[in-house]
There are 2 protein chains.
Amino acid sequence: MANIQQVAKQAGVSVATVSRVLNGQNSVSTKTKTKVEEAIKTLNYEPSILGRNLRNSESRILLVLIPNLSNPFYLEIIKGIENMALSQGYNILLCETDSNPEKENIYFDLVRKKMADGIISMDPAVNVETLKQLAETYPIIQCSEYGGGIGIPYVTINSEEASYRAVKHLIQIGHQKIALINSDEKFLYARERKMGYQRALQENTISLNKDYMIYTSELSFEHGQQAMRKILALADRPTAVFAVSDMLAIGALKEINASSLHVPNDIAVVGFDKIDFSNMTNPTLTTVAQPMYKMGTIAADMLIGKIKGEKVDNIILEHELVIRGSTSG
Amino acid sequence: MANIQQVAKQAGVSVATVSRVLNGQNSVSTKTKTKVEEAIKTLNYEPSILGRNLRNSESRILLVLIPNLSNPFYLEIIKGIENMALSQGYNILLCETDSNPEKENIYFDLVRKKMADGIISMDPAVNVETLKQLAETYPIIQCSEYGGGIGIPYVTINSEEASYRAVKHLIQIGHQKIALINSDEKFLYARERKMGYQRALQENTISLNKDYMIYTSELSFEHGQQAMRKILALADRPTAVFAVSDMLAIGALKEINASSLHVPNDIAVVGFDKIDFSNMTNPTLTTVAQPMYKMGTIAADMLIGKIKGEKVDNIILEHELVIRGSTSG
DNA sequence: CTGAAAGCGCTAACAG
DNA sequence: CTGTTAGCGCTTTCAG
């Protein structure tokens with residue numbers, strides 16, 4: 001529990017010199033450096049980050065806002081963020097908002113109060129107005145989900161194109177009656193994925209069927225089941241389903257299995273994200289792979305750049321359709 | 001970006017008074033209090049946690065050590081920790097160690113350097129010696145996995161008993177040839193769960209078959225598959241499998257399905273943890289439910305207690321066998 | 001190459 | 001009820 005003063009005393013130098021040794025400045029003679037290092041060792045000294053932070057007006061903490069921890073999609077991103085952050089001397093504060101504005105505000109306060117140096121927002125339900133206002137003062141990056149035109153840099157994929165390719169794949173293997181399990185259209189990604197879905201259908205002169213578009217309030221297994229139940233109850237049952245999240249798709253898959261229909265023979269299923277569990281289902285899930293880990297590292301890098309005052313640009317990452325058992329028997 | 005001095009000036013009072021208002025001390029007259037609050041508003045002042053932390057020699061951050069984010073088991077615990085921490089004014093720093101001593105040490109440094117006030121360790125592979133030594137100086141709690149007899153408080157379940165009940169269930173529904181997919185016996189929970197397995201067998205005069213005990217180096221889906229592959233290759237194939245983690249069990253399930261055997265008719269499967277995904281498989285997984293969320297809240301509460309200097313006791317929580325499709329057709 | 005001293009923003013002891 | 005003042009532990013000018 002020694003502090004820098006005691007080290008200085010022990011080494012017979014000033015606190016400034018100790019600080020210089022601590023920070024690896026080369027303007028210290030080898031002799032005094034050794035003296036200081038010995039003092040540090042004998043006193044078992046550990047520099048307090050608290051003091052340093054106050055002095056430097058930084059916390060070296062990155063706030064990561066996610067709607068919920070239960071969707072593995074976010075976990076891969078978080079791993080990317082964490083590793084990049086760590087490699088640059090930052091730590092991350094994970095904040096599960098439950099898409100609850102109140103909780104969100106608690107976390108926003110952390111950056112206002114200097115407990116965090118910046119924010120990576122992955123919450124589609126975030127209050128865009130607040131975020132925009134906050135971004136005028138503090139470094140903020142949007143990851144995966146984003147509000148366009150609000151001047152906050154983002155890293156994401158091309159959702160419209162990804163969705164288009166997924167549906168096109170279904171059409172190519174012979175499907176005409178394709179249902180869409182989407183999320184609420186207040187989210188940009190939901191609107192974009194719907195557009196991709198529509199474009200694929202139009203291009204193949206398949207008319208849009210309102211009954212085939214189901215909306216869910218959450219990207220969860222249970223909501224996927226519910227949506228699938230509605231679809232199975234339709235008089236003119238679709239032969240394929242595209243869900244905008246693997247969690248929904250896995251729920252749908254389970255529901256189809258439970259009704260003794262066969263995937264993909266009776267109904268083909270495509271998901272989105274390529275979470276680990278998409279490979280553990282029976283059959284395995286065809287899905288659109290997002291480079292989640294990479295997205296995380298880039299988001300962290302962008303944020304740290306912004307903290308340092310650099311100019312950062314939006315980034316669109318590649319995606320890839322992974323064809324597995326749920327569309328090819 | 002105003003500081004407390006500017007607020008004091010604006011309000012025409014001293015910084016001490018502003019601080020008192022900030023901290024809700026009632027020794028301030030209503031009149032001055034209003035003055036201060038107005039000044040805060042006009043200056044858009046936000047008190048810096050950095051200054052407060054240094055002054056109070058605390059960071060109000062809890063370190064949470066987990067081996068990896070991919071196992072949903074930990075996520076539920078983390079949710080519990082986070083909510084309890086939040087309600088008491090703490091935030092959590094999530095640290096994925098990958099059971100890597102180096103990474104672990106980076107994180108340990110955070111508490112040595114006062115960036116964190118205490119640690120909740122959930123990593124079974126943690127270096128017990130380091131942990132023990134650290135615990136002499138800093139508040140530490142063990143959650144779920146623990147080293148006994150090293151004087152660090154823990155919250156966990158009775159693994160031996162839980163395992164015993166799981167295997168007993170298999171015996172009761174008629175199984176005699178029961179395999180165990182266990183994790184490395186360097187972990188206490190692995191030894192305890194093996195003991196429970198053995199006790200159940202002995203009690204029913206079923207002799208132990210070494211071939212039926214498979215060890216894995218990780219609690220992952222892939223390792224579950226691998227283990228099951230070995231089991232399926234046995235000349236005298238078991239009719240039931242008990243895996244010490246749902247992740248392993250889900251891997252095993254997938255492998256059995258892939259070999260066109262039927263669960264539970266050909267082989268019954270029991271898992272451990274009751275993660276969300278254990279209900280999404282086909283068939284659903286019989287498993288031992290751990291009160292993960294509760295365990296998290298308790299761990300956080302214990303740690304905060306310890307930070308405050310209270311004496312805290314070990315806690316053993318209840319578990320429950322949840323019987324589902326994988327053992328009852 | 002090294003030291004003295006100021007100060008990051010806050011809290012709390014003490015005095016009045 | 002309020003103000004003065006001393007620091008929490010560190011970094012960084014500015015002198016020398």
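By convention in this document, chain letters (A, B, ...) are assigned in the order of the sequence lines, proteins followed by strands, and residues within each chain are numbered from 1.
Taking atom NZ of residue A:K9 and atom C1' of nucleotide D:dG9, one finds them 16 Å apart after rounding to whole Å. With rounding to whole Å, A:M115 atom CE is found 14 Å from C:dC10 atom P. Residue A:R112 contributes atom CZ, which lies 19 Å from atom P of C:dG9 at whole-angstrom precision. The separation between B:N53 atom CG and D:dC10 atom P is 15 Å, rounded to whole Å. B:L54 has its CG atom 17 Å from the P atom of D:dA6, to the nearest Å. We find that CD of B:E58 is positioned 15 Å from C1' of C:dG9, with the value rounded to whole Å. To the nearest angstrom, C1' of C:dC10 lies 13 Å from NZ of A:K114.
A:E46 meets the side-chain hydrogen bond (donor to acceptor under 3.5 Å, both in side chains) test with B:K113; sequence neighbours excluded. Under the salt bridge (charged side-chain N to carboxylate O under 4.0 Å, His left out) criterion, A:K103 pairs with A:D98, not counting sequence neighbours. Under the rule for a salt bridge (charged side-chain N to carboxylate O under 4.0 Å, His left out), B:E218 has no partner lying at least two apart in sequence or in another chain. Legend: residues meeting side-chain hydrogen bond (donor to acceptor under 3.5 Å, both in side chains) with B:S59, ordered by chain and number and at least two apart, are B:D117. Partners of A:R112 by salt bridge (charged side-chain N to carboxylate O under 4.0 Å, His left out), not counting sequence neighbours, listed by chain and number: A:D109. Every salt bridge (charged side-chain N to carboxylate O under 4.0 Å, His left out) that B:R60 has, sequence neighbours left out, goes to B:E58. Under the side-chain hydrogen bond (donor to acceptor under 3.5 Å, both in side chains) criterion, A:K306 pairs with no residue at all, not counting sequence neighbours.
With a 6.0 Å radius and a threshold of 12 heavy atoms from other residues, nucleotides or ligands, A:N26 has its CG atom at or below the threshold. In A:E102, the CD atom is not crowded: 12 or fewer heavy atoms of neighbouring residues, nucleotides or ligands sit closer than 6.0 Å.
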Give the table of side-chain donor-acceptor pairs shorter than 3.5 Å for residues 123-135 of chain B, with sequence neighbours excluded, one pair per line with atom names and distance.
| unit_1 | atom_1 | unit_2 | atom_2 | d |
| --- | --- | --- | --- | --- |
| B:D123 | OD1 | B:S99 | OG | 3.4 |
| B:D123 | OD1 | B:A125 | N | 2.9 |
| B:D123 | OD2 | B:T97 | OG1 | 2.8 |
| B:N127 | OD1 | B:E129 | N | 3.0 |
| B:N127 | OD1 | B:T130 | N | 3.2 |
| B:N127 | OD1 | B:T130 | OG1 | 3.2 |
| B:N127 | ND2 | B:T130 | OG1 | 3.2 |

If you look only at distance, which donor and acceptor atoms sit under 3.5 Å apart when one is on a side chain in residues 292-303 of chain A and the other is two or more places apart or in another chain?
| unit_1 | atom_1 | unit_2 | atom_2 | d |
| --- | --- | --- | --- | --- |
| A:Y293 | OH | A:N83 | ND2 | 2.8 |
| A:T297 | OG1 | A:K294 | O | 2.7 |
| A:D301 | OD1 | A:Q88 | NE2 | 2.8 |

Going 5' to 3' through nucleotides 11-16 of chain D and flagging B where a protein heavy-atom sits under 4.0 Å of the base, S where only the sugar-phosphate is that close, and - otherwise, we get BB----
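When the C1' atoms of four end pairs are superposed on the next four at each end of the helix from C:dC1-D:dG16 to C:dG16-D:dC1, using five pairs per end, the two resulting axes differ in direction by 40°, to 10°.
The phosphate of D:dG3 has OP1 or OP2 within less than 4.0 Å of a side-chain N or O from B:S14.
Sorted by residue number, the members of residues 26-35 of chain B with any non-hydrogen atom under 4.0 Å from DNA chain D read B:S27, B:V28, B:S29, B:T32.
Residue contacts shown for A:L50 are absent, as no nucleic acid heavy atom lies under 4.0 Å away.
The side chain of B:V13 lies closest to D:dG3 when the candidates are C:dC10, D:dG3, C:dC8.
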